Amino acid sequence: MNNQISLKVYNSYSRQKEAFQSITPGHVGMYVCGPTVSGESHLGHARPYITFDVVYRYLQQLGYKVRYVRNITDAGHFEEEGREAEDKISKKAVLEKLEPMELVQKYTNLYHWAMEQFNTLKPSIEPTATGHIVEQIEMIKKIIEAGYAYESNGSVYFDVKKYAVSHDYGKLSGRVIDELLETTRELEGQEEKRDSADFALWKNAAPEHIMRWQSPWGVGFPGWHIECSAMATKYLGAEFDIHGGGMDLLFPHHESEIAQSTICNHTAPVRYWIHNNMITINGRKMGKSYNNVIKLTELFSGDHPELSQAYHPMVVRFFILQSHYRSTLDFSNEALQAAEKGLKRLWDAYEKLQALVAEPGSTGTDAELGDKVKKLLTEFDEYMNDDFGTARVLANMFELVPVINSMKDGIIAVSAISADTLEWMKKQMKVFVEDIFGLKAVNEADNEKLKGVMDLLIAIRKEAKTKKDFVTSDKIRDELARLGISLKDEKGGGMSWAVE
RNA sequence: GGUCCUGUGGCCGAGUGGCUAGGCAGAGCUCUGCAAAAGCUCCCACAGCGGUUCGAAUCCGCUCGGGACCUCCA
């Protein structure tokens, strides 16, 4: 609990790191913008979910009871405001000859599957937009009553100009309201708005719309910002601690959320806005409009022209953790392959560490080494508390790797560090590697039968080696390698194996 | 065009006034029947030009390059 007071997070709203203090002591409310399930998730989507998964895990590690709300946008927003009276989901449903909800279900399932591959924890609540139409309508009503929204031709718009008179519209995204008001766009349907900066709370639905609901303003569907405001308010209250999402949502999505919720609830909704940066490919943001999307299914199977091989979900997770969440992260095969090897090295050492046994009562024969280890371990907490510095923690872990390997190989005696330090290292590594970073073994290896077979093969190979029958010993190792099982001789005559 | 971010060694990426980041790749050595793994050592970078400072990759200015948002977007 001591760490709770030293956590600092970068708040996009103030543009600086702030000491984190939850509204309700011991509790944290966190809302993260979830996926629009009108298509498959891609590598770019993986970043926020893994980033905020680590935030979620870390807050819990600090002793907070966290309510983590991550929505599913299944209501389909219009393609481009006012231009096409057609929502994404209904459009694609026609193409694929599926019911809208069937399509939504398909991609929701796929998304859940991918999240499971990444070993992300499930959110506390995963509300859907279609399940909260009533709440959204109620919220819009309140905004109209307050005088900050108006109805126009069956649609409802938020009055940005009026809001800006008394509120700081544009602060989060660094927008200047006058400039926004000047922006003139020749868009169809724009005449419904009093001002081009206004945004839709409710859109009247053209007859071809499949997803449509009855409202006080006629048949239509909710605007694309209101669902988050409505669901966050419902499950986290008028004011809550953390709102997360990608930086590309800063404007207009999150800016609009602030405006809506502020009018409706008479308070700014969010204490800490946290935004992750983009994953780029060849220096360019990954996104549909750039035609450079690598879907998660493709990433895991290697089936994409940009990919020279398949990448395991844990490799991707590790790759993302190796950079700071607020920096752009550039995808390349080289970088992913480096991550793959790095993760293997780290994980191997991690497993070796857990198998080390301390000498009871040992106080450590190498004080310098002991101090170094303790310093590296202490910094885990320090770095995480400094705006979730996962990359720096990993760097420290890699500094521990040679120490661990040397102990395993007997180059350094286990007793070089005290029993207490070793125990702490084992525990601290476990907490960070598994509990906070959410990493797990890449290969699902060991079942009992395979283990039995391997024990047998190892025994035969040992015998052969003793007899200098290297033909047999090499045959065993080489044939296993062909099957994807690596067998390694170790110092002291032992052998270890792993499924690659 | 406006707003903002950014430019680190072969590649990826931390860091941010003085102290080796780290990973991957590469070179050498040790260990080893061979191999793999592992250990040790080397490769010591911060776009360019000025300025501030005892001292700058880190602060300021300019130049050049890259990017994000301003429209759906993680």
Side-chain angles (χ1 to χ4, degrees), chain A residues 15 32-36 38 41-52 77-84 87-88 170 173-176 178-180 182-183 185 187 197 224 244-253 255 275-280 282-290 293 318-319 322-324 326-346 348-349 352 383 386 389-399 401-406 408-412 465 468-470 473-474 477-478 481 486-491 496 498:
Chain A
R15 291 159 195 253
V32 173
C33 288
T36 301
S38 58
S41 298
H42 59 72
L43 173 58
H45 295 116
R47 173 102 105 147
Y49 306 134
I50 289 172
T51 297
F52 291 105
H77 302 119
F78 30 89
E79 294 261 342
E80 203 160 316
E81 192 173 62
R83 183 179 285 174
E84 292 176 39
D87 72 55
K88 278 190 209 169
S173 56
R175 252 3 76 144
V176 180
D178 292 337
E179 283 167 5
L180 284 173
E182 274 170 23
T183 317
R185 281 177 163 272
L187 294 176
W224 70 289
M247 274 184 189
D248 49 353
L249 295 180
L250 229 32
F251 187 88
H253 187 55
E255 197 71 71
H275 291 93
N276 63 275
N277 214 319
M278 304 292 101
I279 287 183
T280 59
N282 299 320
R284 177 146 260 136
K285 172 184 169 182
M286 190 173 288
K288 269 180 201 155
S289 28
Y290 296 114
V293 164
F318 177 80
F319 175 64
Q322 247 190 327
S323 72
H324 187 86
R326 279 191 291 110
S327 302
T328 54
L329 174 59
D330 199 50
F331 164 87
S332 70
N333 282 288
E334 255 188 314
L336 261 294
Q337 282 160 10
E340 183 178 71
K341 287 178 183 160
L343 174 60
K344 184 177 180 342
R345 186 169 140 82
L346 178 66
D348 284 351
K352 286 180 197 169
Y383 293 158
D386 186 9
T390 55
R392 300 171 76 187
V393 174
L394 285 173
N396 270 27
M397 287 181 179
F398 275 107
E399 292 209 47
V401 165
V403 177
I404 295 164
N405 285 332
S406 296
K408 164 79 163 92
D409 288 344
I411 297 168
I412 298 175
K465 279 185 70 175
K468 304 258 184 226
D469 176 8
F470 297 125
S473 65
D474 285 354
R477 190 179 59 197
D478 295 346
S486 69
L487 190 61
K488 289 181 283 195
D489 292 347
E490 301 197 324
K491 291 190 171 58
S496 68

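If you're wondering where the values come from, they're calculated on a predicted model, not measured in any experiment. Both backbone and side-chain heavy atoms feed into the values below; hydrogens, waters and symmetry mates do not. The sequence lines fix the lettering, A, B, ..., with proteins before strands; numbering per chain opens at 1.
Among the nucleotides B:G13, B:A68, B:G23, the one closest to any side-chain atom of A:F398 is B:G23. Minimum atom distance to the side chain of A:D248 is reached by B:A74, of the listed B:A38, B:A74, B:C12. Candidate nucleotides B:G67, B:G22, B:C12 were compared by shortest atom distance to the side chain of A:E399, and B:G22 ranks first. Listed candidates were B:A14, B:A74, B:G33. Nearest to the side chain of A:H324 is B:A14. Between B:A74, B:A38, B:C12, one nucleotide has an atom nearer to the side chain of A:Y49 than all others, and that is B:A74. Checking B:A74, B:G13, B:A38 against every side-chain atom of A:D409, the shortest atom distance belongs to B:A38.
In terms of position on RNA chain B, the residue among A:Q322 and A:H42 whose nearest nucleotide sits closer to the 5' end is A:Q322. If you find the closest nucleotide of RNA chain B to A:A339 and to A:V401, the one lying nearer the 5' end belongs to A:A339.
Taking the P atom of each, B:C5 and B:C62 are spaced 14 Å apart, rounded to whole Å. The same atom, P, is picked in B:A21 and in B:A45; the two are 9 Å apart, to the nearest Å.
No donor-acceptor pair under 3.5 Å is formed between the side chain of A:N276 and the backbone N or O of A:R47. A:H45 contributes a side-chain N or O that, together with a main-chain N or O of A:H42, makes up a donor-acceptor pair within less than 3.5 Å. Under the 3.5 Å distance criterion, the side-chain polar atoms of A:R284 are left unmatched by any main-chain donor or acceptor of A:Y290. No donor-acceptor pair closer than 3.5 Å links the side chain of A:Q322 to the backbone N or O of A:A391.
A donor-acceptor contact under 3.5 Å links the side chain of A:D489 to the base of B:C34. If you check distances only, the side chain of A:D474 does reach the base of B:G33 with a donor-acceptor pair under 3.5 Å. The base of B:A35 sits with one of its N or O atoms less than 3.5 Å from a complementary donor or acceptor on the side chain of A:R477.
When the P atom of B:G33 is taken as reference, atom CG of A:D469 falls 15 Å away, rounded to whole Å. The distance from atom CZ of A:R175 to atom P of B:C69 is 10 Å, rounded to the nearest whole Å. Between A:M286 atom CE and B:A68 atom P the separation is 12 Å, expressed in whole Å. Going from atom CG of A:L329 over to atom C1' of B:C11 covers 13 Å, rounded to whole Å. What separates NZ of A:K488 from P of B:U32 is a distance of 18 Å, to the nearest Å. Whole-Å rounding puts the A:N277 CG to B:G13 P distance at 11 Å. For the pair A:N396 CG and B:U20 P, the interatomic distance rounds to 14 Å; values are reported in whole Å. Atom pair A:K341:NZ and B:A38:P shows a separation of 11 Å (rounding to whole Å applied).
The pairing partner recorded for B:C29 is B:G39, the criterion being a Watson-Crick or G-U wobble arrangement whose two distances lie under 3.5 angstrom. The pairing partner recorded for B:A45 is none, the criterion being a Watson-Crick or G-U wobble arrangement whose two distances lie under 3.5 angstrom. Within the shown strands, B:U3 is the pairing partner of B:A68 under the Watson-Crick or G-U definition, both distances less than 3.5 Å. The base-pairing partner of B:U53, taking Watson-Crick or G-U wobble contacts with both distances under 3.5 Å, does not exist among the strands shown. Using N1 to N3 plus N6-O4 or O6-N4 for Watson-Crick, or N1-O2 and O6-N3 for G-U wobble, each under 3.5 Å, B:C19 pairs with nothing.
Checking the phosphate oxygens (OP1, OP2) of B:G39, a side-chain nitrogen or oxygen of A:R345 falls inside 4.0 Å. Residue A:R392 has no polar side-chain atom (N or O) positioned under 4.0 Å from OP1 or OP2 of B:A14. Contact between the side-chain N/O atoms of A:N405 and the OP1/OP2 oxygens of B:G39 is found at a separation under 4.0 Å. Phosphate contact (OP1/OP2 of B:A14, side-chain N/O of A:S327, threshold under 4.0 Å): present. Listed pair A:Y290 / B:A74 fails the phosphate criterion, with no side-chain N or O lying under 4.0 Å from OP1 or OP2.
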**Request:** Take A:H324 and A:R392 through the side-chain contact (heavy atoms from CB on, under 4.5 Å) test and state the conclusion after the steps.
**Result:** CA-CA 9 Å; A:H324 187 86; A:R392 300 171 76 187; over 6 Å; no

**Item:** Worked check of side-chain contact (heavy atoms from CB on, under 4.5 Å) between A:K352 and A:S496
**Value:** CA-CA 11 Å; A:K352 286 180 197 169; A:S496 68; over 6 Å; no

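For A:R345 and A:D348, the salt-bridge test fails: no basic side-chain N is under 4.0 Å from an acidic carboxylate O.
Nucleic acid contact class of A:G44 (heavy atoms, under 4.0 Å, all strands): base.
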